[in-house]
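Worksheet: the structure to be examined is printed underneath.
Every number for a ligand or one of its atoms is a count from 1 in the order of the listing. Computed over heavy atoms, backbone and side chain alike; hydrogens, waters and symmetry mates excluded.
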Amino acid sequence: MIIGSIISGKERNEKSRTTHEVKNPFDGSTVATLALSTADDLNEAVEAAHKAFENKMKAMPAHERADILRKAARLLGEREDEFQQSITAESGKPVKQARKEVERSKQLLLYAAEEAKKIGGEVVPMDAAIGGDNRLGFVKKTPLGVVGAITPFNFPLNLSLHKLAPAIAAGNTIVFKPAEKTPVTGYKLVKLLHEAGMPEDALHLIIGTGSEIGTPLVEHEKVAKISFTGSVPVGKSIQKAAGFKKVTLELGSNSPNIVFEDADWKDAAERIVAGGFGYSGQTCISAQRIYVHRDIFDSFTDELVRLANNLKIGDPADASVDIGPMITEDEAKRAEEWVESALSKGAKAALKGERSGAMLPPVILTDVTDDMHVVQKEVFAPILAVIPFGTEDEAVRRANDSIYGLQAAVFTKNIDRAFRVADRIESGGVWINDASTYRQDNYPYGGVKQSGIGREGVKYAVDEMLELKFIGVKLDGGPPRV
Ligand code: NAD
């Protein structure tokens, strides 16, 4: 299959283009050949999206936008298998987890259909000001224009929809650049949204690398907003290059999970194993730093090891498999080096297998120190660092000792402690009695510190894709002053 940009509904996959192969991370087979977009394609896409905003989307009624989103949810429901297979083939995500991604994406589209119809405004009490009598003031929410959506490799359907669905709900037009490692699902998604009724000139797909096609999208003066999900270094460069545009950045993390001695710690271990090793830890809120009270440290670590040993490793297309390959062999080697480096500095492996190509079996490390990469940086691999603590203050201080702050977890049966710790943790979200990795798509989601700027979660993303416009009226007459 050769796939290329889709600009105003027309695919650009001529043989003369520079090509790039998308490989299945498990067996190295070719999933698709990409016909890469050029700077001219990008320019054409932005110009067309800009025109479509002025001529179409700006005036499209909310009920029509909601219809598009609802129809897209229905079409996705009819093509669940196709989308699951596409996610698994290009990202190496095991079937079980790819199915969940599709299921969540259907719900996300339906939330967006509902939000499209809730975009209102408010009346301003003008008479609060001296001189404001006999004036009427109200605030409307208006769409922004062209949204540039740039997405990472790890959730090619769900994270793309976290940008596309709110943009449609808000009445914007879109130029979408999926990750070059996993663009096939995004390509299918654009076609599905066109079929659902999104005007072809209002949603364009461009395919290519960040430097070649992402940067010009970020810099384009007719793009009103960049919505980006990806790594911290790229997020920083986007923030600099975007100039006056609005920017949402959903970046990385090294999520802390704190387990107190009074927790249902067997349940906590189960959730942390699922949350730390699911999709080989390649999730932005993957459980990574596990702080465990000293009194239960040994039993808890043994339980983690026992549960991790039960995970089935293998072909992600096999529905019984829990752990497939990492996205590339280079990434698996990078993660392995971080483990080796930690071991050379005194860490101990409670669990560790042999890497084979891109397949990295789960690793559980103890005796780590805060300066090790596996603690300090975003590990983005199936590696847990299990760290003992003595007091609540120590657990909170160490959890907060990070440049990141996306989502965290605290496990305890003590309700006062649960809320106290949740309040003290510096992150965009905290789960009590579930792992940091749990997410659903209707709550505000985003980071503090270097984990990002702004929030997604459909309602909140819609808000960030709207402009506030004040309209005031000076009325003649009105009731006499008392
Ligand atoms: P990445 O930053 O390498 O790439 C993300 C996207 O940015 C890709 O489409 C890439 O082509 C593009 N890009 C790269 N350089 C660019 C540039 N200079 N200008 C414009 N675009 C550019 O990330 P990745 O490896 O695909 O994904 C993994 C990262 O994403 C991890 O750090 C993870 O934590 C993060 N992530 C965050 C969230 C979240 O919601 N906070 C969710 C998933 C992943």
- Heavy-atom nearest pair, Pro143 first then Gly171, reads CB-O, 3.5 Å
- Classify the contact between Thr215 and ligand 1 as side chain, backbone, both or neither, using a heavy-atom distance cut-off of under 4.0 Å. both
- Message: Any nitrogen or oxygen of Glu180 lying under 3.5 Å from a nitrogen or oxygen in ligand 1? Just yes or no.
- Response: yes
- Under 4.0 Å from any heavy atom of Phe380, which atoms of ligand 1 are there? 28 (C), 31 (C), 33 (C), 34 (O)
- Task: Search all heavy atoms of Gln376 against all heavy atoms of Asn254 and return the closest pair with its distance.
- Result: O-ND2, 3.2 Å
- Heavy-atom donor-acceptor pair, Gln282 side chain to Ile327 backbone, under 3.5 Å: yes
- Task: Look up atom CD in Gln407 and atom CD1 in Ile285, then write down how far apart they are to the nearest 0.5 Å.
- Result: 4.5 Å
- Item | Distance-only polar pair, side chains of Asp371 and Thr369, donor-acceptor under 3.5 Å | yes
- Item | Shortest protein contact, atom 2 (O) of ligand 1 (heavy atom only) | Ser231 OG, 2.6 Å
- Considering only protein heavy atoms, which is closest to atom 40 (O) of ligand 1, and at what distance to one decimal place? Tyr445 CE2, 3.2 Å
Show every donor-acceptor pair shorter than 3.5 Å between a side-chain atom in residues 204-218 and any protein atom, with sequence neighbours excluded, or say none if there are none.
| unit_1 | atom_1 | unit_2 | atom_2 | d |
| --- | --- | --- | --- | --- |
| His204 | ND1 | Ser8 | N | 3.0 |
| His204 | NE2 | Asp201 | O | 2.8 |
| Thr209 | OG1 | Glu212 | N | 3.2 |
| Thr209 | OG1 | Glu212 | OE1 | 3.1 |
| Thr215 | OG1 | Gly210 | O | 3.4 |

- Would you say Thr151 has any N or O atom under 3.5 Å from an N or O of ligand 1, going by distance alone? yes
- Nearest protein heavy atom with distance in Å, relative to atom 36 (N) of ligand 1: Cys284 CB, 3.6 Å
- Message: Under 3.5 Å between any N/O of Ile238 and any N/O of ligand 1: does that happen in this structure?
- Response: no
- Which atoms of ligand 1 are found less than 4.0 Å from any heavy atom of Gly214? 19 (N), 20 (C), 21 (N)
- Note on the structure: Residue, atom and distance of the protein heavy atom nearest atom 7 (O) of ligand 1 read Phe228 CE1, 3.1 Å
- Taking distance alone, with no angle check, do Lys181 and ligand 1 share an N/O pair under 3.5 Å? no
- Starting from atom 35 (C) of ligand 1, locate the nearest protein heavy atom and write down its residue, its atom name and how far away it is, to 0.1 Å. Gly230 O, 3.1 Å
- Task: Check whether any side-chain N or O of Thr437 sits under 3.5 Å from a backbone N or O of Ala287 as a donor-acceptor pair, and report yes or no.
- Result: yes
- Message: Any nitrogen or oxygen of Leu251 lying under 3.5 Å from a nitrogen or oxygen in ligand 1? Just yes or no.
- Response: yes
- Message: Main chain of Gly252, side chain of Ser451: is a donor-acceptor contact present, judged purely on distance under 3.5 Å?
- Response: yes
- Message: Does either side chain, that of Glu340 or that of Ser344, offer a donor lying less than 3.5 Å from an acceptor on the other one?
- Response: no
- Task: Classify the contact between Leu159 and ligand 1 as side chain, backbone, both or neither, using a heavy-atom distance cut-off of under 4.0 Å.
- Result: side chain
- At under 4.0 Å between heavy atoms, what of Phe155 touches ligand 1? The answer is neither
- Message: If we count only N and O atoms by modelled type, under 3.5 Å, do the side chains of Ser227 and Thr248 hold a donor and an acceptor together?
- Response: no
Report, one line per pair, each donor and acceptor closer than 3.5 Å where one atom sits in a side chain of residues 353-361; sequence neighbours left out.
| unit_1 | atom_1 | unit_2 | atom_2 | d |
| --- | --- | --- | --- | --- |
| Arg355 | NE | Glu336 | OE1 | 2.8 |
| Arg355 | NH1 | Gly357 | O | 2.9 |

- Among all protein heavy atoms, pick the one closest to atom 22 (C) of ligand 1 and tell me residue, atom and distance. Gly210 CA, 3.3 Å
- Item | Protein heavy atom under 4.0 Å of atom 13 (N) of ligand 1 | yes
- Query: Out of Thr248, Leu406, Val234, Asn154, whose heavy atom sits nearest atom 15 (N) of ligand 1?
  - Reply: Val234
- Message: Apply side-chain hydrogen bond (donor to acceptor under 3.5 Å, both in side chains) to residues Glu250 and Tyr445 and explain how you reach the verdict.
- Response: CA-CA 9 Å; Glu250 295 279 348; Tyr445 179 87; 5.5 Å; no
- Item | Atoms in ligand 1 with a heavy atom of Ile150 nearer than 4.0 Å | 6 (C), 7 (O), 9 (O), 12 (C), 20 (C), 21 (N)
- Note on the structure: for atom 27 (O) of ligand 1, nearest protein heavy atom and its distance come out as Pro152 CB, 3.3 Å
- Less than 4.0 Å between a side-chain N and a carboxylate O, is that true for Glu101 and Lys93? yes
- Query: Looking only at protein heavy atoms, which one is nearest to atom 26 (O) of ligand 1, and how far off is it?
  - Reply: Phe153 N, 3.1 Å
- Message: Taking distance alone, with N or O pairs closer than 3.5 Å, would you say Glu378 contacts ligand 1?
- Response: yes
